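Notes for the one structure printed next.
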Amino acid sequence: MSSLQSILTPISSQSNDLIEYSSGSIPVPSKELNLRRTVLGGQSFRWFEESENEFIGIVQHFLIRLKHNNDDLHYVFYTNETFSKINEEKVDCSKFLENYFQFSIRISDLIEKWSKVDQRFQNEQIPSGIRLLAQEPLENLISFICSSNNNVQRITKMIQLLCQQYGTLIGTLNNIDYYQFPTIEQLDRNDLEDNLRKLQFGYRARYIQHAVRYLKNETNDSNYFDRLKNLSVKDARVELRKILGIGRKVADCILLMSLGKQNVVPVDTHIHSIAVTHYGHEKKRQLTAGNYDDISTFFEQLWQPLAGWAQAAAFSNELRDEKTSRTKLNKKRRSEEKIDRCLSVQCKKRQRSSK
DNA sequence: CCCTTACCTAGGCT
DNA sequence: AAGCCTAGGTAAG
């Protein structure tokens, strides 16, 4: 029995063909990783806190459980038999996490640099350990189309529904089904928009349908996202903004979080207000294009060359914690019932059409 | 360029 | 209790 088995809570049930793929631990000093804020802070919407300080998330075809204590990041990877048969070569899960969390970048070095030019990084006014995750571009793009006029909780729910509806099942753990993020092909359906509207995506349903169509056509020639990675930030941003529903801010999030442009500073309402209250920017009623550019450029130059990492830390500090009230839980339940009805209708439809 | 307005939805507040 | 506001914005005029 490995040591992490005793550290992570035992699994009550496994079913389907879910298998434990790999487990181990990586030495990570606590200053280098604030796991909760990194995975739940609104970068990715695929992580959940399953118990105190224990997190479970889906990355590509892996279900990953993580716990960080005593300067060690303990992990267990799960996947299904189908995947492990298809890919004979064993994935090095430590390397996988090192890549996902970008551990080659040392936050303490960054904070030392930022502190010299920015007082707010001294005295821990901005917390240490917020890392930028290296995410999958498609998932990142769709997720941030969903983020407009929205909150982390609802975005998480929407992405979960999207994966349930269109993604491939990885397996079941503790009676919960986990799905991969769908591929373009899985999303490319005529009724995508209608269906997403039923799932309460609102006006974002149209944007997603459009984005899928666009990417389907774009990726025919070569790999669209790889092409963007090799463009300059400016050019890649222009490309991304051709997609309906992707404006400057969402484009910048994608550039930063999944296309490796780590000096980009997305300016949202929080960063905007930080710029006004702490860095002497003029207060404007709303974020205009010119204003956005001023603020973004200001921070890029102040925090370079990894300004996006500083932004992630500063942003995380502004997000307020969730409170759970009774009314909130009731509303949540009603909403879930509504979605359940919708799902069961679709389930019946599928059964009929498969006969 | 800047400014408005509409857009879906859920949760919190009054 | 119904109505307003906001939540990591964007498009269209």
Side-chain angles (χ1 to χ4, degrees), chain A residues 37-45 130 132-133 135 140-162 192-211 214 237-238 240-258 264-276 282-296 299 308 310-340 342:
Chain A
R37 279 179 183 254
T38 298
V39 299
L40 300 184
Q43 295 183 53
S44 166
F45 304 94
I130 314 297
L132 213 48
L133 300 169
Q135 300 190 66
N140 191 226
L141 185 151
I142 304 276
S143 298
F144 276 85
I145 285 178
C146 292
S147 75
S148 75
N149 249 315
N150 211 344
N151 54 67
V152 173
Q153 201 196 352
R154 182 153 82 112
I155 302 164
T156 303
K157 199 170 76 183
M158 287 160 68
I159 296 303
Q160 205 176 355
L161 286 167
L162 185 81
L192 182 64
E193 177 179 347
D194 288 345
N195 193 20
L196 292 180
R197 276 187 188 273
K198 283 177 194 149
L199 296 176
Q200 298 162 302
F201 275 57
Y203 60 84
R204 303 163 196 89
R206 181 169 144 252
Y207 295 158
I208 293 172
Q209 170 103 59
H210 174 95
Y214 182 86
R237 183 185 288 130
V238 168
L240 285 170
R241 292 189 65 175
K242 289 177 182 170
I243 299 172
L244 197 66
I246 298 187
R248 173 73 192 260
K249 190 267 174 177
V250 170
D252 283 354
C253 285
I254 298 163
L255 290 167
L256 173 65
M257 299 177 189
S258 60
V264 171
V265 177
V267 180
D268 51 61
T269 52
H270 298 304
I271 298 298
H272 183 199
S273 82
I274 290 171
V276 172
E282 197 188 339
K283 188 171 186 177
K284 299 249 168 101
R285 299 183 79 241
Q286 52 186 0
L287 208 50
T288 63
N291 199 13
Y292 184 113
D293 211 43
D294 287 347
I295 294 171
S296 187
F299 285 127
Q311 178 271 355
F315 169 78
S316 162
N317 212 26
E318 292 298 306
L319 258 193
R320 58 168 191 217
D321 290 329
E322 289 285 335
K323 281 183 289 182
T324 31
S325 64
R326 180 165 295 278
T327 52
K328 193 168 179 176
L329 292 174
N330 282 340
K331 276 202 171 183
K332 190 181 170 204
R333 182 176 48 76
R334 282 199 298 276
S335 158
E336 280 166 3
E337 284 167 0
K338 198 169 163 186
I339 288 163
D340 278 348
C342 174

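Hydrogens, waters and symmetry mates are skipped; everything else that's a heavy atom, side chains included, is used. Within every chain, numbering begins at 1; the chains are lettered A, B, ... in the order of the sequence lines, protein sequences first and strands thereafter. This one's a predicted model, so the numbers in the text were calculated from it and none came from an experiment.
Set against C/dT10, C/dG8, B/dA10, the side chain of A/Tyr207 has C/dT10 as its closest nucleotide. Taking only side-chain atoms of A/Arg204, from C-beta outward, the nucleotide of B/dC8, C/dT10, C/dG8 with the closest atom is B/dC8. When distances are taken from the side chain of A/Lys249 to each of B/dC2, B/dG11, C/dG9, the shortest belongs to C/dG9. Closest to the side chain of A/Ser148, out of B/dG11, B/dC2, C/dG9, is C/dG9. For A/Arg154, the side-chain atoms get nearest to B/dT9 when compared with the rest of B/dT4, C/dG9, B/dT9. Nearest to the side chain of A/Gln200, among B/dC2, B/dC8, B/dA10, sits B/dA10. Nearest to the side-chain atoms of A/Cys253 among the listed nucleotides C/dA12, C/dG8, C/dG9 stands C/dG8. With B/dA10, C/dA7, C/dG8 as the candidates, the nucleotide lying closest to the side chain of A/Lys157 is B/dA10.
Phosphate contact (OP1/OP2 of B/dC2, side-chain N/O of A/Thr288, threshold under 4.0 Å): present.
At a threshold of 4.0 angstrom between heavy atoms, the contacts of A/Arg197 are confined to the sugar-phosphate backbone, with no base atom among them. Contacts of A/Leu287 with the nucleic acid, taken as non-hydrogen atoms under 4.0 Å apart, are absent. When heavy atoms are screened at a 4.0 angstrom cut-off, A/Leu244 is found touching the sugar-phosphate backbone but no base atom. Counting non-hydrogen atoms under 4.0 angstrom, A/Gly42 reaches a base of the nucleic acid.
In this entry the distance linking CD of A/Gln286 with C1' of B/dC3 reads 6 Å, nearest Å. The interatomic distance linking A/Ile155 (CD1) with B/dC8 (P) rounds to 17 Å, in whole Å. For the pair A/His210 NE2 and C/dA12 C1', the computed distance is 15 Å after rounding to whole Å. When the C1' atom of B/dT9 is taken as reference, atom CG of A/Leu196 falls 14 Å away, rounded to whole Å. Atoms CZ (A/Arg248) and P (C/dA12) sit 19 Å apart, rounded to a whole Å. Rounded to an integer number of Å, the gap from CD1 of A/Ile145 to C1' of C/dA11 is 13 Å.
Using atom P as the reference point in both C/dG9 and B/dC1, the two lie 23 Å apart (nearest Å). Between the C1' atoms of C/dT10 and B/dG11, the separation comes to 23 Å (whole Å). The gap from the P atom of C/dA7 to that of B/dC2 amounts to 23 Å, rounded to the nearest Å. Nucleotides C/dC5 and B/dT5 are separated by 13 Å at their P atoms, to the nearest Å. Distance noted for atom P between C/dG8 and B/dA6: 23 Å (whole Å). Rounded to whole Å, the separation between the P atoms of C/dA1 and B/dT9 comes to 23 Å.
By the side-chain contact (heavy atoms from CB on, under 4.5 Å) test, A/Leu244 is found to be paired with A/Arg206, A/Tyr207, A/His210, residues two or more places apart in sequence or in another chain being considered.
The base of C/dG9 sits with one of its N or O atoms less than 3.5 Å from a complementary donor or acceptor on the side chain of A/Tyr203.
Between the side chain of A/Gln311 and the main chain of A/Ile271, no donor-acceptor pair closer than 3.5 Å is present. In this structure, A/Arg237 contributes its side chain and A/Ala251 its backbone to no donor-acceptor pair below 3.5 Å.
Here A/Asp194 does not pair with A/Lys198 in a salt bridge; the nearest charged N to carboxylate O distance is not below 4.0 Å.
Annotation: side chain of A/Arg204 is in contact with side chain of A/Asn149 (closest heavy-atom distance under 4.5 Å). Inter-residue side-chain proximity for A/Ile243 and A/Leu141 is flagged as met; some heavy-atom pair is nearer than 4.5 Å.
Pairing for C/dG9 goes to B/dC7, judged as Watson-Crick or G-U wobble with the two contacts each under 3.5 Å.
Take the nearest nucleotide of DNA chain C for A/Asn150 and for A/Arg206: the residue whose nucleotide is more 5' is A/Asn150.
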Please walk me through it: do A/Phe144 and A/Lys249 pass side chain to side chain contact (heavy atoms under 4.5 Å, CB included)?
CA-CA 9 Å; A/Phe144 276 85; A/Lys249 190 267 174 177; 4.2 Å; yes
